[in-house]
Amino acid sequence: MSDLTTGLNPMQKKAVLKTEGPLLLLAGAGSGKTRVLTHRIAYLIEQGIRPYNIMAITFTNKAAKEMKERVEKITPFGKDVWVSTFHSSCVRILRRDIDRLGYTSQFTIYDSDDSERLIKDILKTFNINDKNFPAKMIMNEISGQKNELISAAAYSELAGDDFRMKTISRVYTEYQKRMKQNNSLDFDDLIFKTVQLFSQNPDILEKYRDRFLYIMVDEYQDTNSCQYNLIRQLSSKYQNLCVVGDDDQSIYGWRGANIRNILDFEKDFKNASVIKLEQNYRSTKTILDAANAVIKNNFSRKDKELWTDNEKGGLIKYKKAESDLEEAMFIASEIKKGKEKGREYKDFAILYRNNALSRTIEDRLVKDSIPYRLLGGVPFYSRKEIKDIMCYLKVLYNPSDDVALKRIINVPKRGIGDATVEKVSAFADSNEISVYDALRNVEEIPELKIRSKKLSDFRKLISDLSEDVLSLNIKDLLETVMLKTGYKEELEKEGTEEAQGRIDNLNELISKAAEFEEHSEKSDLSAFLEEVALVADIDNYSEEDDTVVLMTLHSSKGLEFPVVFIAGFEEGIFPSYRSILEPSPTAVEEERRLCYVGITRAKKQLYITCAKTRLQHGNYISNAPSRFIKELPDEFIENDIFSSKNSNKTVKSPATVSSKYNPRENKNYSSYSKMLSPKNVIIDFKVGDKVKQAKYGIGTVTSISPAGADYEVTVEFPSAGTKKFMAALSKFKKID
DNA sequence: TTACTATGGATTTTT
DNA sequence: TCCATAGTAA
């Protein structure tokens, strides 16, 4: 019939052609599900469905972007298909109709940092001890409740006489009250409020039901109850709902994802068809069999098993290093070897359970001059300086946003301290007005007589800037804000390397804004704020640069690499300490799924590494190898390569966890790290070059002389004069 | 009000 | 180790 199904396997074909009624597509890792989804959309259009009536929902912007591009490539009119994330879909819907819930369409979006500030504020006003009730804990609790579609009122009933819950309930209620006063929504609210909007306004729901005749949801295993409800509301009339997911890749349970959504799909949607995509096109047989062997140890899962026609491939290389330093050295040297054999740097990914593990590896890569990119860490838009400037924009857009206003009222320092802010804030509270509005009336607050000049100066600054909003584009507005507030000037005065880094970031923000204005059809302040609020770091990852990539196992989902290293394969790290302590096995099962995700990222070669001792929080600890290594059949593993010692895959039985290691008991520990230090330090600069040094900033190299395995480098700094360094210990970066 | 020092706590984080 | 926060001095 059409060429939309050529080249697809029978199951993929079936999935493309089955357009009517509920469909559960169980798509294993690397089974070509994006291909199926895009072809399915194209097929629908070919069948005469208007693109406008098709909705595809993803979790990440990256996935949405990719799907959009692929749909547009294979079908004309692909542009009109509604492809977007849960969150941006909801923003679009809410911007239209949120007035029905008593907000205005100018609402701003809070990230978790903003939410935490607000909760801290509330704890202060309620005099709640933040030792017993840390803001983060409460935030997670509230988020969890929203994900379960439990409102503040419902939670209050649930709490009953329970002291802990009652306290949290008070905060939750106040939090929602203030969010509304601030005309702002957090990430969870975006979905929650949309569900609420639909249930309270059948006319609006009806409108969207008749618009989205065909709905597709990607990564369905990651949906929480709230998202499930949204989907259910939208699809219940026509029932043309296709969900795609893999229960074995559900790794966001701790964020509220409800694995039952996918496990119970057939119960929830009568007449649901189920199609399994079990052929993997990504990995070698060895890698896939290993992944299957591991995931088999989980109990609650849909029955399926991935297979592949790909070659057998090399064995999994398992390295049991003596220390984290040796582990890092091993990884770096394997990358160098691979590079010599013709691989590119971008073929390699290093995955780990938590961000702290990246440090040692990074240090090693720097020393070995291996270019790398770190994903995760502090995301660009969460950096202090970026958030500060963005909060100015937020205030300009939505002056009732008290959280944003309080953040910047004394940034840069302008003599408005905590005590003053408290007074204004209290005045605002008692008059039920926003802090910004309170600033109009500072003269009426008797306690503030002395400070009122500073406050009205600040208010004047903001109202000046709001005039600039009308006349300037985003890029110029950003520059004006940085200038008129004196923010940039203050950083320049500091003159440290850190301050320079911040200035660099601000400049990058300006160019991001310029780029945004060039590429988006809508480029007003509102659109820019939304972009910034909803775009994650991983979305900006592209394969263009030839660099090794480092990231957590979580962020690696959906990506693939020829060679994958999984580092820190140890009890207490992976599976994490906390998951081991959980009485129920579900936590470790989720870790196992994470392991499955990690293994299936590899196309050609998988490395697994662990270290007998590792520096953690400043102490040496020793961990047993991960229980997951025992679950990998021996026949797939090339054991402890390049180790002279035997080291069969003997694993200390049942997982002794992180026994504290006292450095004093092992006097060798300092010489031991020396022993592991590089035999040959590689430096990529010469006399006369400009280099950047961590403490003193940029200077010129005046001499280099060999000193044992290392070099002594003399550098002349404009600010600090001449300094001498050992190359291995000082982190130099060459400046071109 | 701010700038310094002591202390304690420390997964994962699509939006 | 690194970070945020609390407490204190100027």
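Below, read A as the first sequence line, B as the second, and so on, with proteins coming before strands; counting in each chain starts at 1.
- Here B/dT11 is the nucleotide among B/dT14, B/dT11, B/dT2 with the atom lying nearest to any side-chain atom of A/Arg578.
- Residue A/Ser579 places no side-chain N or O under 4.0 Å from the OP1 or OP2 atom of B/dT11.
- Between A/Thr552 and B/dT11 there is no side-chain N or O to OP1 or OP2 distance below 4.0 Å.
- To the nearest angstrom, C1' of B/dT13 lies 14 Å from OH of A/Tyr352.
- Residues from residues 245-256 of chain A placing a heavy atom under 4.0 Å of any atom in DNA chain B, listed by number, are A/Tyr252, A/Trp254, A/Arg255.
- For an aromatic pair to be called close, the ring centres must be under 6.0 Å apart, and A/Phe59 with A/His87 fails this.
- For the residue pair A/Thr108/A/Asn398, the side-chain donor-acceptor check at 3.5 Å is satisfied.
- Rounded to whole Å, the distance from OH on A/Tyr110 to C1' on B/dT13 is 21 Å.
- Interface residues of residues 132-150 of chain A facing DNA chain C, ordered by number: none; criterion, heavy-atom separation under 4.0 Å.
- With no hydrogens or angles considered, a side-chain donor-acceptor pair links A/Lys406 and A/Ser425 at under 3.5 Å.
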Reading nucleotides 1-7 of chain C from the 5' end, what letters show protein touch, with B for base, S for backbone sugar-phosphate only, - for no heavy atom under 4.0 Å?
-> BS--SS-
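- Taking only side-chain nitrogens and oxygens, A/Asn355 comes nearer than 4.0 Å to OP1 or OP2 of B/dT13.
- A salt bridge links A/Arg593 with A/Glu590: the closest approach of a Lys/Arg side-chain nitrogen to an acidic carboxylate oxygen falls below 4.0 angstrom.
- Using a distance-only test at 3.5 Å, with no hydrogens or angles considered, a donor-acceptor pair links the side chain of A/Gln221 to the main chain of A/Asp246.
- Taking atom OH of A/Tyr577 as the reference point, atom C1' of B/dT11 lies 13 Å away to the nearest angstrom.
- You'll find that the side chain of A/Asp222 is closest to B/dT14, out of B/dT11, B/dT14, B/dT2.
- For the 3.5 Å distance criterion, the side chains of A/Ser184 and A/Asp401 fail to qualify, holding no donor opposite an acceptor.
- Between A/Arg353 and A/Glu570 the shortest side-chain heavy-atom distance does not fall below 4.5 Å.
- Rounded to an integer number of Å, the gap from CG of A/Asn354 to C1' of B/dT11 is 6 Å.
- Side chains of A/Arg232 and A/Tyr228: a donor-acceptor N/O pair is present below 3.5 angstrom, by distance only.
- Side-chain atoms of A/Asp388 never come within 3.5 Å of backbone atoms of A/Val411 as a donor-acceptor pair (strictly under, hydrogens ignored).
- Taking atom CZ of A/Arg353 as the reference point, atom C1' of B/dT13 lies 11 Å away to the nearest angstrom.
- Residue contacts for A/Glu591: at a heavy-atom cut-off of 4.0 Å it reaches a base atom on one of the strands shown.
- With hydrogens and angles left out, the side-chain atoms of A/Thr552 and A/Ser555 include a donor and acceptor closer than 3.5 Å.
- One can place CD1 of A/Ile580 at 12 Å from C1' of B/dT11, the figure rounded to the nearest angstrom.
- Residue A/Lys413 contributes atom NZ, which lies 9 Å from atom C1' of B/dA3 at whole-angstrom precision.
- The 5' end of DNA chain B is approached more closely, in terms of each residue's nearest nucleotide, by A/Gly415 than by the other of A/His554 and A/Gly415.
- For A/Glu560 (side chain) and A/Ala602 (main-chain N/O), no donor-acceptor pair under 3.5 Å exists by modelled atom type.
- Closest-nucleotide positions on DNA chain B for A/Leu553 and A/Gly417 were compared, and the one nearer the 5' end corresponds to A/Gly417.
- Residue contacts shown for A/Asn410 are limited to sugar-phosphate atoms, with no base heavy atom under 4.0 Å away.
- With contacts defined as side-chain heavy-atom distances shorter than 4.5 Å, the pair A/Phe198/A/Asn229 does not qualify.
- Straight-line distance from the CG atom of A/Leu594 to the C1' atom of B/dT11: 10 Å, rounded to whole Å.
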